[in-house]
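Reckoned from all heavy atoms, side chains included, excluding hydrogens, waters and symmetry mates. All ligand and atom numbering here is 1-based and tracks the order in the structure. Residue numbers start at 1 and run along the sequence shown.
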Amino acid sequence: MSTDLSMFTLPSGITFIERGWLSSNNILIKDDALAVLVDTGYWTHAEQTHTLLEYHLNGQPLNTIINTHLHSDHCGGNSFLQSHCKPIDILVPSGHSEFVKNWNPNILTYEPTGQYCPPFQNTGILTDRSEFTINDSPWRCYSAPGHDPHSLIIFNEEAGILISADALWENGFGVVFPEVEGIKAFDDVESTLQLIEELQPKLIFPGHGQIFANVSDALTRARSRLKQFRSAPDKHGNYAAKVLIKFKLLELQKIRKSDFNVWAENVSYLRNLHKTYAPTYIYSKWIEELCIGLEKSSACLIDANFIYNTN
Ligand SMILES: [Zn+2]
């Protein structure tokens, strides 16, 4: 499935920093006058993000952070960078701006996902069709709801590069979080995939995973996944629950079972999923079965006292 990218040379000033799954990828776009970073990873990696940036900036100051959306793995480094790269602008999607201003970890999803994001302050907003220009080449934001209702994707038409965030990955797309809250959003996923198709990007910089070029195959895979989720929403519910658990394991690497159970008790998105898709199960039993499912797919190891992240 992986693409031979040797035929593509990125235009000068564009650096794609591929991270793991706990932290989103970071994209640095700069010319002599301006350096813009798209997405900052998870907070536990903030120092590493800063070190990577210093290396790629080579003495140039970072001027602006842009967040495609405000999930903890995309803006967790904002606070650290805000205090280490002063002065810096932080631009966030307009729909979540007021909840950054009056910090609301519930609406920003950090509490219901059982994750964390250090508070930061934005200095501006981005809306559908917001633009910024670097090296005389415009990057345009587009509303891309589905995975997150306020998410943006960012397109440079000249280079054919699309920063797709979690709206399109090489093999699928991110959890459709509004659905976890009981809000219908599969149609939004489809309209965002449609938008991506219409933009006709040549290269995708996804929020997670490597750069890829075969966009039409990725769209086909994403649409087939969406079709599965539409016909069996419990499959999406199961996927979402496993993603939430795996994210915590990626963060902690090793957790005592009793501590994990306390964490899971308090994750309201897991509670919602349980209520919707497995109400006849005892909650703790349902969580245990999800963990066993993750172990079967080699995503974790479980012994008498601990759960260990693997891969
Ligand atoms: Zn996300």
Side-chain angles (χ1 to χ4, degrees), residues 17-27 37-46 49 65-78 90-97 99-100 104-118 120 122 126 141-154 162-181 183 185-186 188-189 192-193 195-196 204-210 218 222 225-226 229 236-237 239-251 267-270 272-273:
I17 306 173
E18 187 178 340
R19 307 294 291 274
W21 284 84
L22 183 62
S23 274
S24 68
N25 296 326
N26 317 126
I27 296 119
L37 177 68
V38 180
D39 289 340
T40 63
Y42 194 58
W43 75 278
T44 53
H45 288 166
T49 304
I65 288 170
I66 282 175
N67 294 119
T68 56
H69 60 300
L70 296 182
H71 284 160
S72 65
D73 55 332
H74 288 252
C75 66
N78 283 19
I90 297 184
L91 309 180
V92 302
S94 59
H96 272 147
S97 176
F99 305 107
V100 172
N104 187 326
N106 186 34
I107 294 199
L108 294 174
T109 74
Y110 313 131
E111 280 176 4
T113 52
Q115 298 168 11
Y116 178 67
C117 181
F120 60 89
N122 66 309
L126 296 162
C141 300
Y142 292 87
S143 288
H147 166 69
D148 174 90
H150 302 294
S151 187
L152 300 167
I153 54 176
I154 308 172
L162 178 73
I163 297 171
S164 66
D166 296 340
L168 179 66
W169 297 335
E170 188 165 21
N171 194 14
F173 46 83
V175 168
V176 186
F177 278 101
E179 291 275 342
V180 177
E181 295 181 20
I183 299 163
F186 290 144
D188 287 340
V189 174
T192 291
L193 294 175
L195 167 66
I196 292 173
I204 302 272
F205 288 11
H208 302 268
Q210 64 178 4
R225 198 160 173 72
L226 179 62
F229 288 161
H236 176 260
Y239 165 59
K242 284 183 173 168
V243 164
L244 288 167
I245 293 171
K246 176 66 180 174
F247 190 90
K248 190 46 65 178
L249 295 176
L250 278 165
E251 178 185 344
V267 177
S268 66
Y269 277 180
L270 285 174
N272 288 358
L273 290 165

Seminar exercise, completed: The protein N, O or S atoms lying under 2.8 Å from the Zn ion (ligand 1) are His69 NE2, His71 ND1, His147 NE2, Asp166 OD2

For this session: With His74 as reference, evaluate Asn67, Thr40, Asp166 under the side chain to side chain donor-acceptor pair (under 3.5 Å) test and give the passing residue.
Result: Asp166

Least distance between heavy atoms, [X] atom then [Y] atom:
X	Y	value
Glu18	Asn25	CA-OD1, 3.3 Å
Gly146	Pro178	O-CD, 3.2 Å
Pro93	His69	CG-CA, 4.1 Å
Ala144	Ile153	CB-CG2, 3.7 Å
Tyr110	His71	CE2-C, 4.1 Å

